[in-house]
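Structure, as structure tokens:
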Amino acid sequence: MKAEAIIIQRPERQSHTQRAAFATLTVFAWLFWAFLWLPLLTLVAWAFGVRTAWVQLRVFDLVDNGGDIDVILIVAVACAAIFFAWSKYNHARFAGKQKRRGNKPVGVAQTAAAIGASTDDALKIRAHRRAVVSVSADGFMTVEDAA
């Protein structure tokens, strides 16, 4: 068995249940991974003085009984609520819609006119994977060989 066979090459062929299960498993794996880092993050926060700042601002009541911190907390929650509402609005507005409109098909005659070639030459170019093209002195394109 090749190593590439283990990796899913075409996830759109999976059922919705499989995709949901894999997504849930992935979220739990990332949460567990983040949980493993919590002791180190606690150590870093302690080292940078978060505990000291908390004691100075909340325990000793140096900022009007915590009023300034409460205002910051209220503003942070309001900002989070606004961003959450905005993301839900955008999700409701754009979810399931095609991101870009498809191009209109271009005919052989229009393509030939755009590249300065005859319709027969444009058909030859379209029918083959490779073509040797030359440009005449007056600026028109001709197909010398198409393979």
Can you check whether Ser87's main-chain N or O pairs, donor with acceptor, with His91's side chain at less than 3.5 Å? no
Indicate the atoms forming the closest heavy-atom contact of Ala112 with Ser118, along with that distance.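 Smallest heavy-atom distance, with atoms named: CB-O, 3.6 Å.
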How close do Lys97 and Arg93 get, heavy atom to heavy atom, and via which atoms? NZ-O, 3.0 Å
Starting at [atom1] of [X], measure out to [atom2] of [Y] and round the result to the nearest 0.5 Å.
X	Y	atom1	atom2	result
Leu41	Trp46	CG	CH2	15.5 Å
Thr24	Arg19	OG1	CZ	13.0 Å
Thr26	Leu31	OG1	CG	11.0 Å
Arg126	Asp121	CZ	CG	13.5 Å
His16	Gln18	NE2	CD	11.0 Å

Under a 4.5 Å side-chain heavy-atom rule over Ile, Leu, Val, Met, Phe, Trp and Tyr, are Leu40 and Trp33 clustered together?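 Hydrophobic grouping puts Leu40 with Trp33.
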Can you check whether Tyr89 and Trp86 have ring centres sitting under 6.0 Å from each other?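 Between Trp86 and Tyr89, which both carry aromatic rings, the centre distance is below 6.0 Å.
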